[in-house]
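Written out below as structure tokens is the structure these notes cover.
Below, all heavy atoms of this structure are taken into account, side chains as well, without hydrogens, waters or symmetry copies. Please read these numbers as outputs of a predicted model, since none were measured by experiment. Lettering follows sequence order; numbering is per chain, from 1.
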Number of protein chains: 2
Amino acid sequence: MMTQINKHLKKEQKNEDGGCCGIPGIPDPRFLKAVSDSTRLRILAHLLEVKEPQMVSDITKNFPVDVSVVSRHLAILRNEGILLAEKQGKEVYYSVRYEFLSSIFRGFANAIELCCPSKKKNE
Amino acid sequence: MMTQINKHLKKEQKNEDGGCCGIPGIPDPRFLKAVSDSTRLRILAHLLEVKEPQMVSDITKNFPVDVSVVSRHLAILRNEGILLAEKQGKEVYYSVRYEFLSSIFRGFANAIELCCPSKKKNE
DNA sequence: TGTTTATTTGTGTCATCATACAAATATTAT
DNA sequence: ATAATATTTGTATGATGACACAAATAAACA
């Protein structure tokens with residue numbers, strides 16, 4: 001009955017889930033966390049808008065935060081496979097991995113629809 | 001040049017963005033935050049799996065957290081339109097709003113694809 | 001060599017959040 | 001009315017995260 005003896009449990013052995021559950025198509029929570037921050041989502045939207053690889057300092061011009069903050073946000077998005085980073089001299093150009101990103105969300109949408117009881121098998 | 005005079009700025013007037021940017025189809029960061037927590041995502045996955053409205057105490061049996069925690073998670077998902085809550089006597093039954101949820105992610109996927117430069121207009 | 005510029009990384013601070021536990025509320029049954 | 005059960009809400013705590021600023025790294029150029 002999980003008698004809740006743990007007054008304040010340690011955080012270490014908590015969330016290593018990774019693959020979330022038995023349903024295929026549900027993204028990793030870390031992936032969703034990467035796009036759920038307001039600044040990161042706006043950075044992503046900016047890169048989608050300009051449609052071209054852009055360097056860190058140029059991206060930063062569009063946001064009221066320090067360049068170091070933008071750099072960290074870009075690293076998070078890159079680590080989740082959302083952005084691609086290419087170094088050219090001093091500059092690092094970041095761009096959107098369109099196919100990857102859209103396929104994750106489309107897969108999620110499909111997974112949800114497949115679970116919908118009112119949906120017939122071949123519909 | 002945004003000389004960064006602000007030593008430690010207040011958080012209050014920070015993130016009221018809501019509509020994120022000029023691109024239609026990009027979800028609200030609060031919506032994405034709702035599904036980016038590991039426990040909430042597993043609760044959502046559980047409701048997708050069982051395919052039936054389920055009450056709070058039954059949902060809680062599947063997770064190693066207190067029922068109050070699950071109740072709060074469910075409220076967050078409900079407030080974002082992801083879950084529907086229906087009270088029947090003492091119990092509150094939560095279920096997934098399939099169409100709404102899948103349409104958001106499908107819309108996001110479409111928005112991303114539309115921004116992809118390699119995609120021709122009619123392709 | 002040293003200097004400038006682009007980016008990343010170290011570090012401290014404040015805010016937010018996930019959680020447990022207790023208490024309050026609501027509903028049904030005795 | 002009292003009791004039992006389901007859910008929500010109050011509150012404190014520890015973890016995480018976003019941020020600014022400084023320092024470190026890297027690359028081009030004098």
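Residues meeting the side chain to side chain donor-acceptor pair (under 3.5 Å) test with A:Gln54, sequence neighbours left out: A:His46. Remark: A:Lys61 engages A:Asp58 in a side chain to side chain contact (heavy atoms under 4.5 Å, CB included) (not counting sequence neighbours). Under the side chain to side chain donor-acceptor pair (under 3.5 Å) criterion, B:Arg72 pairs with no residue, sequence neighbours left out.
In this structure, B:Tyr93 places its OH atom 13 Å from P of D:dT8, rounding to the nearest Å. Atoms CD (A:Glu91) and P (C:dT4) sit 18 Å apart, rounded to a whole Å. Spacing between atom CG of B:Asn79 and atom P of C:dC17 amounts to 13 Å, rounded to whole angstrom units. Taking atom CG on B:Leu41 and atom P on C:dC17, their separation rounds to 17 Å, with Å as the unit. Taking atom CZ of B:Arg42 as the reference point, atom P of C:dA18 lies 13 Å away to the nearest angstrom. Rounded to whole angstrom, the span from the NZ atom of A:Lys61 across to the C1' atom of C:dA6 amounts to 11 Å. With rounding to whole Å, A:Ile43 atom CD1 is found 13 Å from C:dT7 atom P.
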Under 4.0 Å protein heavy-atom contacts per nucleotide of nucleotides 25-30 of chain D, with B for base, S for backbone only and - for none: -SBS--
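One N or O donor and one acceptor, one from the side chain of B:Ser68 and one from the base of C:dC21, sit under 3.5 Å apart. Between the base of C:dG10 and the side chain of A:Arg72 there is a donor-acceptor pair shorter than 3.5 Å.
Rounding to the nearest 0.5 Å places CZ of A:Arg106 at 9.0 Å from CD1 of B:Ile112. Remark: A:Ser38 OG to B:Lys33 NZ distance equals 7.5 Å, nearest 0.5 Å.
Scanning residues 52-60 of chain B for heavy-atom distances under 4.0 Å to DNA chain C yields an empty list.
Taking Ile, Leu, Val, Met, Phe, Trp and Tyr as hydrophobic and joining them when side-chain heavy atoms fall under 4.5 Å apart, one finds B:Tyr93 in a cluster with B:Met55.
Here D:dC21 is the nucleotide among D:dT7, D:dC21, D:dA18 with the atom lying nearest to any side-chain atom of A:Asp66. Here the nucleotide nearest the side chain of A:Arg78, chosen from D:dT7, D:dA20, C:dT8, is C:dT8.
Hydrophobic clustering, with ILVMFWY side chains joined whenever heavy atoms are under 4.5 angstrom apart, keeps A:Phe31 apart from A:Leu84. Residues B:Ile23 and A:Leu47 share a single hydrophobic cluster, defined by chaining ILVMFWY side chains whose heavy atoms lie under 4.5 Å apart.
Of the side-chain N and O atoms in A:Ser71, none sit less than 4.0 angstrom from OP1 or OP2 of C:dT7. Close to D:dC19, at under 4.0 Å from its OP1 or OP2, lies a side-chain N or O of A:His73.
The residue A:Tyr94 sits close only to the backbone: its heavy atoms come under 4.0 Å of sugar-phosphate atoms, none of a base.
Heavy-atom contacts from other residues, nucleotides or ligands closer than 6.0 Å to CD of B:Glu49 number more than 12.
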